[in-house]
Protein chains: 2
Amino acid sequence: MTVTLADVAARARVSPATVSRVLNGNYPVAASTRERVLRAVDDLDYVLNGPASSLAAATSDLVGILVNDIADPFFGIMAGAAQTQIGGPGDGSGRAGGEKLAVICNTGGSPERELTYLTLLQRQRAAAVVLTGGAVESPDHQAAMAAKLAKLADAGTRIVFCGRPPLPEGDALVAALAFDNRGGGRRLTEHLISLGHRRIGYVAGPPERTTTRHRLEGHREALRRAGLDAESGDGEGGDGERLTVHGPYDRRSGYEATLDILRREPGITAVVAANDTVALGACAAVRDQGLRIPQDISVAGFDDLPFSVDAVPALTTVRLPLFEAGARAGRLAMGKENPPPGGIATIAAELMIRGSTAPPRVG
Amino acid sequence: MTVTLADVAARARVSPATVSRVLNGNYPVAASTRERVLRAVDDLDYVLNGPASSLAAATSDLVGILVNDIADPFFGIMAGAAQTQIGGPGDGSGRAGGEKLAVICNTGGSPERELTYLTLLQRQRAAAVVLTGGAVESPDHQAAMAAKLAKLADAGTRIVFCGRPPLPEGDALVAALAFDNRGGGRRLTEHLISLGHRRIGYVAGPPERTTTRHRLEGHREALRRAGLDAESGDGEGGDGERLTVHGPYDRRSGYEATLDILRREPGITAVVAANDTVALGACAAVRDQGLRIPQDISVAGFDDLPFSVDAVPALTTVRLPLFEAGARAGRLAMGKENPPPGGIATIAAELMIRGSTAPPRVG
DNA sequence: CTGTTAGCGCCTTCAA
DNA sequence: TTGAAGGCGCTAACAG
């Protein structure tokens with residue numbers, strides 16, 4: 001039924017081992033022999049049996065890329081970029097060569113699914129795993145992840161974090177590319193403060209995620225440095241709680257949280273959103289209240305997704321080099337690039353000042 | 001080093017065969033035995049060897065989802081939705097159960113990479129393959145695809161098209177969910193015509209793709225029905241060529257093509273874009289020319305991606321139920337749902353009229 | 001440079 | 001309901 005290595009060997013009048021060597025290209029083979037083998041492969045339309053190959057070699061050509069939400073371009077861009085480094089350009093023949101199969105796994109942000117996918121990849125003896133985006137900070141989950149990743153690494157799977165802080169235990173097993181969420185958040189709020197804003201609403205992400213926490217910490221640090229923490233700081237029971245609302249990283253959350261903040265604190269002059277998608281919702285809410293951006297309320301986002309520059313007015317935000325980071329993670333996963341010193345690199349975040357922020361109205 | 005089925009069997013004091021049966025759950029096993037085996041699995045932290053299992057069973061639990069560009073939410077939404085039906089909810093333990101591993105493969109729109117990924121999936125003996133988005137119409141590629149898909153289907157891989165027209169040969173091997181791109185395109189342009197527009201620019205996608213062609217055909221059909229084809233129709237050498245510009249499905253293309261059209265045909269009163277992303281670029285171009293939307297120029301898109309409603313003014317577009325279609329494709333791939341009659345279902349496209357279109361200025 | 005020989009770890013008849 | 005045995009298709013020593 002299906003043609004096997006042995007069939008190819010028979011037709012090329014060589015041993016199965018030779019066919020294997022030609023196909024894997026890891027061993028010297030006479031040019032004429034190789035020629036003959038390749039012709040037999042084409043004649044017979046032979047396709048390697050992946051499972052058999054993986055079983056014998058005790059490794060597979062699968063590389064897993066874990067993302068929270070593939071419908072979100074934040075992850076789509078990173079995952080796509082990683083894949084460009086992993087899949088290889090192909091040989092243009094449709095015949096697969098030495099490429100790895102880069103597979104994107106959508107966890108939906110669920111810790112359980114994250115672990116499940118890791119188990120699935122462990123099963124497949126994946127060559128590498130790239131974990132993107134922030135982590136959930138529950139101690140249980142972190143411990144489970146650390147254990148699972150240790151096992152994977154133990155089995156020879158390369159582990160790369162992309163846009164995700166390294167594990168607390170700081171395993172040297174992994175390379176980590178961490179975004180400077182805290183610094184970016186701080187500079188963004190400093191920008192607003194320098195424009196003259198004093199009461200700034202903050203629409204945060206889900207409280208349990210590292211990304212959320214880091215961005216918020218940056219925001220509050222800026223407030224504190226400016227001596228504004230009495231008004232908007234993080235003191236228990238202070239005003240900070242009225243000015244900060246948590247919610248998922250989506251448009252709707254931005255819309256509703258902003259309405260909420262505006263209702264409770266009509267005196268705010270700016271809203272900072274946890275990311276650009278949330279910011280879009282915030283903009284809609286501001287407008288629906290009959291307020292103008294930026295004349296009445298300044299709005300800012302985070303990430304600088306492609307659509308942000310097209311918002312009207314264009315969104316002030318913090319640019320994260322998602323494509324570059326994803327590509328680098330892909331290269332690290334393939335062993336094409338050496339890990340950064342200490343295994344950890346921090347990726348800079350750049351403030352992008354655009355039309356959605358301006359000085360508050362006087363009076 | 002790594003624990004195998006045999007280790008589990010030894011610890012549970014049963015034969016390897018019994019362990020296998022417990023794990024696969026396809027055979028009757030005494031409850032007490034099963035209990036013992038499962039405990040041994042947990043104690044030993046056993047993880048099934050996927051390749052070995054796939055080799056022996058001649059099938060794997062991999063499901064491939066092919067997309068053109070995962071950074072584009074159009075594909076991200078479909079792929080994510082498909083994955084929800086394929087990955088299964090997990091058992092909440094991090095221990096993988098009978099789930100399939102849904103993997104997203106990013107072709108970048110390249111026919112070669114599409115074929116390469118199919119070969120890779122064929123290698124892995126994938127359980128199913130979902131192909132999303134439009135196809136490239138080159139006869140060579142179509143033939144190659146048909147041959148490859150036939151082989152996959154032959155090996156037991158289920159094939160599902162999602163948002164993609166069935167192959168010309170109309171293999172009964174596949175289930176196809178096709179978007180009504182033509183009808184959507186037609187109704188969108190009819191809407192503009194009914195508002196009074198007579199000279200309408202069209203920023204099309206890459207000419208070789210089915211999606212591009214179908215949407216454009218719908219557009220031209222509307223023009224023809226309104227007797228406008230002399231002005232903007234598809235006649236050879238006619239004005240249609242001046243009013244239609246092809247380019248990739250991205251923002252930049254929308255921006256540049258729109259500038260181009262406006263330069264050559266300052267008299268147009270509306271621009272239809274091949275999709276929402278392109279439309280965003282078109283909007284930017286219109287504004288940069290000092291024109292207002294919709295007072296001076298109406299702009300419309302296609303797809304109704306999440307950000308479209310947040311454009312200012314909100315984008316008139318054609319809604320495609322991407323999530324629903326993706327989820328259905330996932331179910332078809334899993335065999336959870338029966339294929340539509342004839343293997344083909346057409347998914348309706350709904351006109352969404354918003355603020356970016358209005359009657360043209362009089363005079 | 002090429003052939004021979006053993007498994008890789010699991011599933012699946014066949015018997016018991 | 002359970003065990004024994006063979007083989008899935010390939011790779012990786014080891015010879016030659």
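First the proteins, then the strands, lettered A, B, ... as listed; each starts at 1. Predicted, not measured: the structure shown is a model, and the values here were computed from it.
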Measure the distance from CG on B:Leu23 to C1' on C:dG9 and round it to the nearest whole Å. 13 Å
List the steps, then state whether side-chain hydrogen bond (donor to acceptor under 3.5 Å, both in side chains) holds for A:Gln124 with B:Asp61. CA-CA 10 Å; A:Gln124 304 295 335; B:Asp61 51 5; 3.1 Å; yes
For B:Thr18 and D:dG3, is the shortest distance between a side-chain N/O and OP1 or OP2 below 4.0 Å? yes
Less than 3.5 Å apart, any donor N or O on the side chain of A:Asp154 or A:Gln122 sitting next to an acceptor on the other? no
Between B:Glu137 and B:Arg209, is the closest basic N to carboxylate O distance under 4.0 Å? no
Can you tell me if A:Thr116 and A:Thr119 form a side-chain donor-acceptor pair at under 3.5 Å? no
Taking only nitrogen or oxygen atoms into account, show me every contact under 3.5 Å that the protein makes with nucleotides 14-16 of chain D, one pair per line with its distance.
none

Under 4.0 Å from any atom of DNA chain D, heavy atoms only: list the residues of residues 47-59 of chain B that qualify, in numerical order. B:Leu55, B:Ala56
Do B:Glu114 and B:Arg164 sit within salt-bridge range, that is, some charged N less than 4.0 Å from a carboxylate O? yes
Is the closest side-chain donor-acceptor distance between B:Ser110 and B:Thr107 under 3.5 Å? no
B:Asn24 side chain: which of C:dT2, C:dC11, D:dG9 is closest? C:dC11
A:Ser20 side-chain N/O to D:dA12 phosphate OP1/OP2 under 4.0 Å: no
Name every residue in residues 5-17 of chain B that has at least one heavy atom under 4.0 Å from any atom of DNA chain C, in order of residue number, or write none if there are no such residues. B:Leu5, B:Ala17
To the nearest angstrom, how far is B:Gln124 atom CD from D:dG9 atom P? 15 Å
Answer yes or no: is there a donor N or O on one side and an acceptor on the other, between the side chain of A:Thr132 and the main chain of A:Leu66, under 3.5 Å? yes
Look at the side chain of B:Arg125 and the backbone N and O of B:Ala58, then say whether any donor-acceptor pair between them is shorter than 3.5 Å. no
Given atom CZ of B:Arg36 and atom C1' of D:dT2, what is their separation to the nearest angstrom? 11 Å
When rounded to whole Å, the CD to C1' distance for the pair B:Gln122 and D:dG9 reads 15 Å
Rounded to whole Å, how long is the line connecting atom CZ of B:Arg125 with atom C1' of D:dC8? 11 Å
Mark yes or no for whether A:Thr210, through its side chain, and A:Ala135, through its backbone, hold a donor-acceptor pair below 3.5 Å. yes
Just by distance, with hydrogens left out, do B:His141 and B:Glu112 show a side-chain donor and acceptor under 3.5 Å apart? no
Mark yes or no for whether A:Gln85, through its side chain, and A:Ala327, through its backbone, hold a donor-acceptor pair below 3.5 Å. no
